[in-house]
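Right, one structure below, let's go through it.
Given the structure is predicted, the values throughout are model-derived calculations rather than measurements. So that the names make sense, note that chain A is the first sequence line, chain B the second, and so on, each numbered from 1.
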There are 2 protein chains.
Amino acid sequence: MPLNALFKPRSRLQIQTDQTLTQHKPKYNTKSARSRQHTDLRFAVLEARLEQADLLKKVVDAIKDLVQDCNFDCNDSGIALQAMDNSHVALVSMMLKAESFSPYRCDRNVALGVNLTSLTKVLRAASSEDILTIKAEDAPDVLNLVFESSESDRLSEYDLKLMDIDQEHLGIPDTEYAATISMPSADFRKICQDLMLLSESVSIEASKDGVKFTCAGDIGNGAVTLRSHTNVDKPDLNVDIELTEPVALTFSLKYLVNFCKAAGLSKSVKLCLSNEVPLLVEYALAGNSYLRFYLAPKIGDDE
Amino acid sequence: MPLNALFKPRSRLQIQTDQTLTQHKPKYNTKSARSRQHTDLRFAVLEARLEQADLLKKVVDAIKDLVQDCNFDCNDSGIALQAMDNSHVALVSMMLKAESFSPYRCDRNVALGVNLTSLTKVLRAASSEDILTIKAEDAPDVLNLVFESSESDRLSEYDLKLMDIDQEHLGIPDTEYAATISMPSADFRKICQDLMLLSESVSIEASKDGVKFTCAGDIGNGAVTLRSHTNVDKPDLNVDIELTEPVALTFSLKYLVNFCKAAGLSKSVKLCLSNEVPLLVEYALAGNSYLRFYLAPKIGDDE
DNA sequence: TTACTTGGTT
DNA sequence: AACCAAGTAA
């Protein structure tokens, strides 16, 4: 079931799937071809400094296989990104709050249409320890990224061309989930990777004192059960389950494994489930920022 | 611009490019087909022992994609190799001095025409830690390579058939370069690899206190600036610039990335630039040996 | 196409 | 030193 059936598009009709699929080649903004020397002289509407370039590298790494092109929507509260994958089964929602930067300034709302493959190429040039500053002008045709090595003996500056992206924006309702599971992100990744060797889909079953991941495939069946438990010394390793009613839903493992690329961003992951509603997989980041993935459940014959 | 226009051929006219291109299939010497058992009984004109087979492996790895067949010119001072790539834009010049071997003996000048792909196959059999001895007879039709494991519990012996190679030999003039840059070879490799994702060519701009590598491509522009700095503790990481006048030249990144395969041979690399003259990329090896690459700059419309 | 080996990165 | 990616060989 596509996500659109579960989330209502906020402003426009669903994008033609064909159109989405043929958008592989970036179509860059064709405004005046300003030479890069002029960048500094124009007024930067956005300027955001990230102590660790690593954060953006990992975020983009985690979503670039789901989404090719998308807008980074910047305003004074931070940088947001929302995009569906081509098949409209998964949705990525990223929020990098202003508090995650030091400093952060955005004088005017601006949408930066970025091809994530190109952004990956640029970010590859940043070492994880580099300090990253991103800048954009008003009505920008490039995104400016500056990497400084911590010893500041190297300074790399890249201008990434931007594109106009016609983006569907879904309204994501605030949901009271029937079950909310917190668990170590590495464990969730391991479970999904292990079960994917047996089957294409996994059933996640939340009950009062545990979560059970089960799958059935040609070569056999698998089931991993985690019991909720708390260790005050290592809260990252806690398995915590909040439940209003028991839930069992089935999801595509391919997507879950994909989401798990974000495991490097946070020691802990939160899974939120309710019947008839997409699964929410949330990685909390420092400064109230987050990376969220939504995945429509498989229902009926889909399984 | 081909290198021939910048370096004068020393003794013969330029090889027909077609001829060079059709020499892909090794044409082996067709002297008497002596059986390998006799090798030991004949007088070895050349005998050179290398403590680390690794050195030769890395050298050959670094040049085998540029050059298919070439002569190893051996005399009592060492083993030299000089060859242009097929397109005559790049030139490799290797010198393994006698001091780099222990021991080294060469009683008579001898040119060993080798197919580098074949040599790679043979060297693949050597583990990096092996002791390598190469031997050749007078007027040889094979090159004899012996690998001993350092524990000397394994002894591998290979005879590589040699070929007659009609080789152009360019005279490389001693140039006073306008700029000589020493920098960590790993950094140079990283910069070239990163920028290659954006563009086919890079401009290298040397000024008094820094080097700037810039490129412009379809997805955006990139610029990496290194400031010269010295750290007595880690001289390998120094960025040092000797300059008589500022220079800015443009080069093909494909070739530079290729040269950077040699980064494993030395922690440091030297870039020498002057206007109208090929770039020299030098990896210094132990015992005054070296591996040098020359690359013709892109000029005018080439950029 | 898959598995392994090698090299690079953290 | 361990992990991850890419290239190569089967």
Residue from Q52(B), K57(B), R154(B) passing side chain to side chain donor-acceptor pair (under 3.5 Å) with D130(B) | R154(B)
Looking just at side-chain N and O atoms, do [X] and [Y] make a donor-acceptor pair shorter than 3.5 Å?
{"X": "Y255(B)", "Y": "S87(B)", "answer": "yes"}
{"X": "E157(B)", "Y": "N144(B)", "answer": "yes"}
{"X": "D54(B)", "Y": "S128(B)", "answer": "yes"}

Kindly give the atom pairs (protein nitrogen or oxygen, nucleotide nitrogen or oxygen) under 3.5 Å for nucleotides 1-8 of chain C.
residue, atom, partner, partner atom, Å
dG8(C), OP1, R189(B), NH1, 2.7

With distance as the sole test, does [X] use its side chain to make a donor-acceptor pair with the main-chain N or O of [Y] at under 3.5 Å?
{"X": "D85(A)", "Y": "A90(A)", "value": "yes"}
{"X": "S289(B)", "Y": "K97(B)", "value": "yes"}
{"X": "S185(B)", "Y": "S266(B)", "value": "yes"}
{"X": "N231(B)", "Y": "D233(B)", "value": "yes"}

Sugar-phosphate means primed atoms, P, OP1 and OP2; the rest is base. With that split, encode nucleotides 5-10 of chain D 5' to 3' as B, S or - using protein heavy atoms under 4.0 Å.
-> ----S-
For D54(A) and dC4(D), what is the distance between atoms CG and P respectively, to the nearest whole Å?
->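 Spelled out: CG on D54(A) to P on dC4(D) is 14 Å.
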